[in-house]
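Some notes on the structure that comes next.
Keep in mind it's a predicted model, so treat the numbers as computed, not measured.
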Amino acid sequence: QGNTGTAAQIARKFVGDKPDAIVAIATPSAQAVVAATKDVPVVFSAVTDPVAAKLVKNWDASKTNVTGVSDLLKLEPQIDLIKKVVPGAKKVGMVYNPGEANSVVVVKQLKDLLAKNGMQLVEASAPRSVDVGTAARSLVGKVDVIYTNTDNNVVSAYESLVKVGQDAKLPLIASDTDSVKRGAIAALGVNYKDLGLQTGAMVVRLLKGEKPGTIKPEVSNKTELYVNPAAAEKQGVKLSEDLIKSAAQVVQ
């Protein structure tokens with residue numbers, strides 16, 4: 001539930017077990033594990049920006065006990081998707097946890113990119129998952145669309161965002177493809193099964209004797225578009241046939 005104390009406790013338990021490697025999924029988990037050990041090999045996965053999260057100093061081989069796989073997404077295609085779903089959108093709302101390093105990085109970059117496209121970002125902070133619904137409601141009447149990144153708090157409470165989207169006829173666009181099954185209109189995101197396989201392949205290299213400090217962090221470069229026409233209707237927009245045809249998966 002995003003509790004850093006619990007994450008630290010689990011990390012210490014794993015370190016005490018003296019495993020061959022620890023896999024940490026998402027930023028808060030990875031930060032807890034990296035803080036707990038300088039010896040046990042750590043492989044992070046689904047961390048957007050491991051440098052901003054201070055897991056590694058840069059994208060080169062770390063020369064430490066840490067390596068991993070990022071789910072970093074290029075933001076230009078995300079803005080293109082927003083324009084395709086809500087043509088003419090000028091104000092984009094974003095609900096995020098200001099305590100999550102990755103989300104802060106995305107907000108900063110998105111703000112700059114939207115400005116270049118003649119658009120504006122309106123932020124709403126949700127420091128805990130229980131704050132997500134309230135943060136979303138604060139955007140009603142101020143924005144044309146809500147965009148969410150892979151923020152752990154937001155993803156864990158996505159249904160509360162969907163309720164606001166449906167009640168206020170406010171379109172929701174995600175970057176986590178699973179959120180489309182939960183009520184987002186569309187998402188252009190990483191295939192997390194593929195990301196898991198990529199992470200597993202890295203763990204195998206460690207088990208065969210390679211050192212984590214010699215393996216450069218990797219990025220998953222395969223994205224897929226998911227769309228949900230029924231959710232679009234409930235949130236007051238109609239998806240174009242071209243967009244639906246271009247999707248890897250159409251959620252019914």
Quick check against the 3.5 Å criterion: does [X] have a side-chain atom that pairs as donor or acceptor with the backbone of [Y]?
{"X": "D194", "Y": "V190", "answer": "no"}
{"X": "Q31", "Y": "A53", "answer": "yes"}
{"X": "E100", "Y": "N152", "answer": "yes"}
{"X": "S125", "Y": "P127", "answer": "no"}
{"X": "N228", "Y": "G183", "answer": "no"}
{"X": "Q120", "Y": "A115", "answer": "no"}
{"X": "S175", "Y": "T148", "answer": "yes"}
{"X": "S179", "Y": "R182", "answer": "no"}
{"X": "D151", "Y": "S103", "answer": "no"}
{"X": "D49", "Y": "V51", "answer": "yes"}

Identify the two heavy atoms, one from [X] and one from [Y], that lie closest to each other, and give their separation to 0.1 Å.
{"X": "T199", "Y": "S45", "answer": "OG1-OG, 2.8 Å"}
{"X": "T177", "Y": "G189", "answer": "CG2-N, 3.8 Å"}
{"X": "G213", "Y": "A61", "answer": "O-CB, 3.2 Å"}
{"X": "D144", "Y": "P171", "answer": "O-CD, 3.4 Å"}

Go through the steps for K84 and D80 under the test salt bridge (Lys or Arg N to Asp or Glu O under 4.0 Å), then give the verdict. CA-CA 6 Å; K84 283 174 186 168; D80 288 343; 6.0 Å; no

With no hydrogens and no angle check, do the side chains of N65 and K211 hold a donor and an acceptor under 3.5 Å apart? no

What's the spacing between D71 CG and F44 CZ if we round to 0.5 Å?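 If we round to the nearest 0.5 Å, D71:CG and F44:CZ are 10.0 Å apart.
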
Less than 4.5 Å apart, any side-chain heavy atom of L195 and any of V69?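 Answer yes - side chains close enough.
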
Working for salt bridge (Lys or Arg N to Asp or Glu O under 4.0 Å), residues K181 and D178: CA-CA 5 Å; K181 297 170 188 169; D178 274 348; 3.5 Å; yes

